[in-house]
Amino acid sequence: MSVFALVDANNFYASCEKLFDPKLAGVPVVVLSNNDGCVVARSAESKALGVKMGVPWFKIKMEAERAGIVALSSNYALYADISDRITEVLRGFSPDVEVYSIDESFLDVTGFRHLGLEAYGQAIRGRVAEWVGMAVCVGFGPSKTLAKLANHCAKKGLAGRDGVCDLTALEGPAMDALLGGIPVGEVWGVGRRISAGLEAIGINNVLDLRDADAETIRSRYSVVLERTVRELRGVSCLALEELAADKRQIMVSRSFGRKVQDLAALADAVATHATRAAEKLRGQGSIAGAVVVEIRTSPFSEREPQYQRSINVPLPEASADTRTLVRWAIRGLKSIYRPGYAYAKAGVMLSELRPRTAAQGDLFSAGGSFRSEALMATMDAVNSRWGRGSLRTAAVRSDHLEWEMARGSLSPGYTTDWEGLPVVLAR
DNA sequence: CTATAACTCTCAA
DNA sequence: CTAACGTTGAGAGTTATAG
């Protein structure tokens, strides 16, 4: 039997912020989504005050600030850096690590059972705390789904001790009692929609789901949920995926800091997003066969006239050249743009991705791709050295004043920007 | 009618 | 004073379309 561990950082974004700012110790902190829109992370103190996940900040701002809550704009450069440090520590505990998200990793720890999983989990916690300064919880299980559930139990203190829970050590009535007390919606893969449906047919908790008829689940829902049922029974159906596969689509979209009316500003945003998407594309060595452009008004501004449209622009020849992708994206934008709307968001998606080596040249324009690749490599090198946007196409303006997102309370780049460093040294 | 493409829905962090 | 609500990606299932 395999054993998986799921290591998950506690209140990740909020903890990252606290890591470098001693003044935040003991202070209720929330981290806001892009544009300072919604609460996406809460420190323990904020949770205790009843701040809900995902609430629009403006709705609770007054009350929250009165309660002493400090809100910070999300600082992804910082979080990514801390995440990498944690991953490095975890690699010392297993050669087989799947980085599942910015704050969660699965480990295959089958070969370390003889050390005692409970102790192993504590060792992981201890070393991450000591070397990175972050608190994590560790869950063990015979399947990824059960490892995730174990982690949930560790976090909530439902089972296990001190942030570690080993579900491989639990069976029979004790296991049933534990699973019977956990709402079915806590299971990995069971979201809002499905849990509502399950509850309607009397499947309320994890035990109910585990013991449900797999065939019925498959026909009523999907093979995905059937797999979940089997995983809950301890049958591992989902393998550890150590190396991340190349993306099949690449998306860059942003809500604007304020509403935008005119085509010029939208074109600037679309060009900026297409540029960033092209960088990601080259980063994984792919080329794109099509560009999708989308613009939309805000569905929350109910009184305003609504407009949402996207267009798929197939490229005559697959490309990773920023100039080409920007040009087609702008062309798509022009065809879907309608004046008179208060646009709130624009996005660019690259699709039909394939490896650069699988490029299929145009019969009548052969030979141009070497110069393109050399130029793009130079652009990427310059921008890597001097910062994103240092070298750009003329379609991207030097500032994005008309639409740039709000980040009112951004913490310094403590670990990613020299400007952020002295703040730390001064203490 | 079948195979594929295109689109929709759901979930996750 | 008012208005102000994230992003990115995967995969399954369904519907439309082409041949």
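Quick caveat: nothing in here was measured; it's all calculated off a predicted structure. Per chain, numbering begins at 1; letters A, B, ... match sequence-line order.
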* Residues A:E17 and A:Y79: side-chain donor-acceptor under 3.5 angstrom -> yes

* Side-chain ion pair, A:E45 and A:K18, N-O less than 4.0 Å -> yes

* To do: Determine the contact category for A:N312: base if any of its heavy atoms lies under 4.0 Å from a base atom, sugar-phosphate if only primed atoms, P, OP1 or OP2 are that close, otherwise nothing.
  => nothing

* Asked: Can a side chain N or O of A:S222 be found less than 4.0 Å away from OP1 or OP2 on C:dG11?
  -> no

* To do: Just call it for A:I194: base, sugar-phosphate, or nothing, with non-hydrogen atoms closer than 4.0 Å on any strand.
  => sugar-phosphate

* Looking at every strand, decide which applies to A:K61 at a 4.0 Å heavy-atom threshold: base, sugar-phosphate, or nothing. => nothing

* Asked: Does A:S253 make a side-chain N or O approach to OP1 or OP2 of C:dT8 shorter than 4.0 Å?
  -> yes

* Asked: Mind checking who C:dG11 pairs with, Watson-Crick or G-U wobble, both distances under 3.5 Å?
  -> B:dC9

* So what does A:F12 hit on the nucleic acid, given a heavy-atom distance under 4.0 Å: a base, only sugar-phosphate, or nothing? -> nothing

* Counting side-chain heavy atoms from C-beta on, which of C:dC5, C:dA10, B:dA13 comes nearest to A:F300? -> C:dC5

* Looking at the rings of A:Y13 and A:Y76, which for Trp means the six-membered one, are their centres under 6.0 Å apart? -> yes

* Asked: Taking only N and O in the side chain of A:S301, is any of them less than 4.0 Å away from OP1 or OP2 of C:dA4?
  -> yes

* Under 4.0 angstrom between A:K148 side-chain N/O and B:dA13 OP1 or OP2 -> yes

* Asked: Which pairs with one or both residues in residues 270-284 of chain A pass side-chain hydrogen bond (donor to acceptor under 3.5 Å, both in side chains), sequence neighbours excluded?
  -> A:R276-A:E279, A:R282-A:T322, A:R282-A:D380, A:Q284-A:S286

* If you measure from the C1' atom in C:dG6 to the same atom in B:dC11, how many Å do you get, rounded? -> 16 Å

* **Side-chain N or O of A:R192 closer than 4.0 Å to phosphate OP1/OP2 of B:dA12** => no

* Looking across every strand, which nucleic acid part, if any, lies under 4.0 Å from A:V224 by heavy atom: base, sugar-phosphate, or nothing? -> sugar-phosphate

* Identify whether the distance between the nearest side-chain nitrogen and carboxylate oxygen of A:E402 and A:R397 falls below 4.0 Å. => yes

* Please work out if A:V31 contacts a base, only the sugar-phosphate, or nothing of the nucleic acid, heavy-atom cut-off 4.0 Å. => nothing

* **A:S101 side-chain N/O to B:dA12 phosphate OP1/OP2 under 4.0 Å** => no

* Structure fact -> Among C:dG9, B:dA13, C:dC5, the one nearest any side-chain atom of A:Q249 is C:dG9

* To do: Looking at every strand, decide which applies to A:W57 at a 4.0 Å heavy-atom threshold: base, sugar-phosphate, or nothing.
  => nothing

* Asked: With a 4.0 Å cut-off on heavy atoms, is A:V223 in touch with a base, just the backbone sugar-phosphate, or nothing at all?
  -> sugar-phosphate

